[in-house]
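These notes are about the structure you will find just below.
Start at 1 with the first residue, then count along the sequence. Computed from a predicted model, the values in this text were never measured in an experiment.
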Amino acid sequence: MKLLTHNMLSSNIKGVTNGFPLGIEAEKVIERSVDMNPDFLKNMFSKIEWKPLVEASRIMGYSDLPEDVPDSSVLDSEEFLRKFHHALLEIHLEEGALVCPQTGRKFPVNKGIPNMLLHEDEV
């Protein structure tokens, strides 16, 4: 599971009012090379929740993103775009779990696929 996906998932358990961001328990993290598309990155920049991306990337062992949200002028920097691209698209949670921040419910991630299915009593 890419961090792009993680940045858009939340817990939808009945009664949960704050299901974002999901915590990450990483058992296996892999990197997969992907061609960089600067236009895609520039369009995604404003849609990404920055702090959860930085926290997730650090949990997964990547700490090259700035802590605070950079202003949009960084989108002209190839160095920044490469770091953003790497964190968003090349780091994958292969095995582990996503954790609801409110209930602590764990959603397993196997072979890079998060299982977000809810139990009957959670719907």
Step-by-step side chain to side chain contact (heavy atoms under 4.5 Å, CB included) determination, E78 to R82 = CA-CA 6 Å; E78 185 171 339; R82 288 198 182 285; 2.7 Å; yes
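Distance alone, capped at 3.5 Å, places no donor-acceptor pair between the N115 side chain and the P108 backbone. Distance alone, capped at 3.5 Å, is enough to place a donor-acceptor pair between the Q102 side chain and the T17 backbone. Not a single donor-acceptor pair under 3.5 Å links the side chain of E90 to the backbone N or O of E31. With hydrogens and angles disregarded, a donor-acceptor distance shorter than 3.5 Å links the side chain of E95 to the backbone of K111.
Looking at heavy atoms from C-beta onward, L4 lies in side-chain contact with I48 at the 4.5 angstrom threshold. Looking at heavy atoms from C-beta onward, K42 lies in side-chain contact with L81 at the 4.5 angstrom threshold.
Here the closest heavy-atom approach between residue V29 and residue A26 is recorded as CG2-CB, 3.7 Å. Shown here for I24 and A56, the closest heavy-atom pair between the two residues is CD1-CB, 3.6 Å. Between V99 and G104 the shortest heavy-atom distance is CG1-O, 3.6 Å. Contact record, L22 with C100: CD2-CA, 3.8 Å, taken as the closest heavy-atom pair. Considering every non-hydrogen atom in both P52 and H6, the closest pair reads O-CE1, 4.5 Å. Closest of all the heavy-atom pairs between L9 and M1 is CD1-SD, 4.1 Å.
The hydrophobic cluster containing L88 also contains I59, counting ILVMFWY residues as joined when their side-chain heavy atoms lie under 4.5 angstrom apart, directly or transitively. Cluster membership for L98 and I113, using ILVMFWY side-chain heavy atoms within less than 4.5 angstrom, is not shared. When hydrophobic clusters are built by joining Ile, Leu, Val, Met, Phe, Trp and Tyr residues whose side-chain heavy atoms come closer than 4.5 Å, directly or via intermediates, F40 is grouped together with L3. V123 and V16 fall within a single hydrophobic cluster, where Ile, Leu, Val, Met, Phe, Trp and Tyr side chains are chained together by heavy-atom contacts under 4.5 Å. One hydrophobic cluster holds both F84 and M8 under the rule that ILVMFWY side chains link at heavy-atom gaps under 4.5 Å.
Note: M36 CE to H85 NE2 = 7.0 Å, rounded to the nearest 0.5 Å. Taken from CG in N12 to CE in M116, the straight-line distance is 7.0 Å, to the nearest 0.5 Å. We find the CG-CD distance between N110 and E27 to be 8.5 Å, quoted to the nearest 0.5 Å. The CD atom of E120 sits 10.0 Å away from the NZ atom of K14 when rounded to the nearest 0.5 Å. Here the CG atom belonging to L93 is positioned 5.0 Å from the CE atom belonging to M60, to the nearest 0.5 angstrom. Between K83 atom NZ and S57 atom OG the span is 11.5 Å, to the nearest 0.5 Å.
Within 6.0 Å of atom CD in E55, 12 or fewer heavy atoms from other residues, nucleotides or ligands are found, so the atom counts as exposed in its surroundings.
Under the side chain to side chain contact (heavy atoms under 4.5 Å, CB included) criterion, E122 pairs with I13, R105, L118, H119, not counting sequence neighbours.
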Output a table of donor-acceptor pairs, distance under 3.5 Å, between side-chain atoms of residues 62-70 and any protein atom two or more places apart or on a different chain; print 'none' if there are none.
residue	atom	partner	partner atom	Å
E67	OE1	R58	NH1	2.2
D68	OD1	K51	NZ	3.2

